[in-house]
Amino acid sequence: MLKATEKIWRNGEFIAWDDAKIHVLSHVVSYGSSVFEGIRCYETASGPAIFRLPEHVRRLVDSAKIYRMDTFQFTQAELETAILELVAVNNLRSCYIRPIALRGYGAMGVNGMKNPVDVYLACWEWGKYLGEEAMAEGVDVCVSSWSRIAPNTLPALSKAGANYMNSQLINMEAVANGYAEGIALDKSGYVSEGAGENIFVVRDGKIVTPPLGTSVLPGITRDAVLTLAKDLGIEIVEQTIPRELLYIADEVFFSGTAAEISPIRSIDRITIGRGRRGPITEVLQKEFFGIVNGTIADRHGWLSMVPVHAA
Ligand SMILES: Cc1ncc(COP(=O)(O)O)c(C=O)c1O
């Protein structure tokens, strides 16, 4: 259950958590017209630190542009400042942050371009998405019977609410069948991504991940993994992945803001590698968590420190 915080930001002002409501006839409710972000803020010795804030805000602005949300009235800089302020006013040391832009109340009909675009920023305390134990032991997943959204239908580079109807089908089927998550194939049958995570496959010391264009979200943690692997001298390439490579991999792991870096120990009940977190996943986790927790130098400038709020 969501743990309420004090304030939510709406169109430039802070309002009470309980007042962040929309009309049932808002465009987004019937037509799915929203774009959003998921961002993590970590507790460090120097205060709360938001991971890759500019990159997340940029993706939100990009997501809106793809959907012609031209009335998007806030700049990148304004949104970054508002998000830092949001965490400060809610007095949180660590949290999950959810910016949302949606087509609101006004006209009714598919088009939506006459409806206002309302922007909300909310945050709340949140733990590990796939569970603490999963970070070391790995999770059991399946290949979904549902394909990922196809190119030129719902654009995968936009993090739109509507894309998550596809993600829900993938995740609900997986969970109903006793798995932690589902992996979707793209329209050509190549590995795409999890319902809410990018995926990486390790074989013979080399990492591969599906390229943009295989219906993947351009994950910000995915980009961090690509960067960290290069830093550590591990070969990493973006390449289409046939389904069966999953089964014969030495290691497979997910990346995402929610999932962070999560090992996969079995796929479709086939054991991956030794059936637990592998050494490359572990070394990437160590580096990632070291940086976000502030114990390893933030050499790429990925952390935005939240100003301590003068109450
Ligand atoms: C479908 C999908 N793929 C990948 C990701 C990972 O992206 P990121 O690392 O930016 O959170 C997410 C999470 O936002 C997602 O929902």
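A quick note: this is a predicted structure, and the numbers were derived from the prediction, not measured. Every number for a ligand or one of its atoms is a count from 1 in the order of the listing. Here, residue 1 is the first one in the sequence, and each next residue gets the next number.
Salt bridge absent: D250 and R274 never bring a charged side-chain N and a carboxylate O closer than 4.0 Å. Here E287 pairs with R299 in a salt bridge; the nearest charged N to carboxylate O distance falls below 4.0 Å.
Scanning the protein for heavy atoms near atom 16 (O) of ligand 1, the closest one is Y164 OH, 2.4 Å. Of the protein's non-hydrogen atoms, the one nearest atom 14 (O) of ligand 1 is K159 NZ, 2.7 Å. Nearest protein heavy-atom contact of atom 7 (O) of ligand 1 is G219 CA, 3.4 Å. Distance from atom 11 (O) of ligand 1 to its nearest protein heavy atom, with residue and atom name: T257 OG1, 2.6 Å. Counting protein heavy atoms only, atom 3 (N) of ligand 1 is closest to E193 OE1, 2.7 Å. Residue, atom and distance of the protein heavy atom nearest to atom 9 (O) of ligand 1 are T221 OG1, 2.6 Å.
By the 30° and 60° cut-offs, the orientation of the rings of W124 relative to Y96 is tilted.
Ligand 1 lies less than 4.0 angstrom from a heavy atom belonging to R59. Residue contact annotation: A259 has no non-hydrogen atom under 4.0 Å from ligand 1.
To the nearest 0.5 Å, atoms OG (S188) and CZ (R148) are separated by 14.5 Å.
Exactly one residue among E251, R276, K286 makes a side-chain hydrogen bond (donor to acceptor under 3.5 Å, both in side chains) with T281. That residue is E251.
The heavy atom nearest to atom 12 (C) of ligand 1, out of those in S255, G196, G256, is found in G196.
Taken together through direct or relayed side-chain contacts under 4.5 Å among Ile, Leu, Val, Met, Phe, Trp and Tyr, L60 and L157 form part of one hydrophobic cluster.
When ring centroids are compared, W302 and F288 stay outside the 6.0 Å threshold.
Neither the backbone nor the side chain of E260 comes within contact range of ligand 1; no heavy atom lies under 4.0 Å. Contacts between P218 and ligand 1 below 4.0 angstrom, taking non-hydrogen atoms only, are absent altogether.
Ligand-side atoms of ligand 1 in range of R148: 1 (C), range being under 4.0 angstrom from any heavy atom.
Considering only heavy atoms from C-beta on, R265 stays 4.5 Å or farther from T271 through its side chain.
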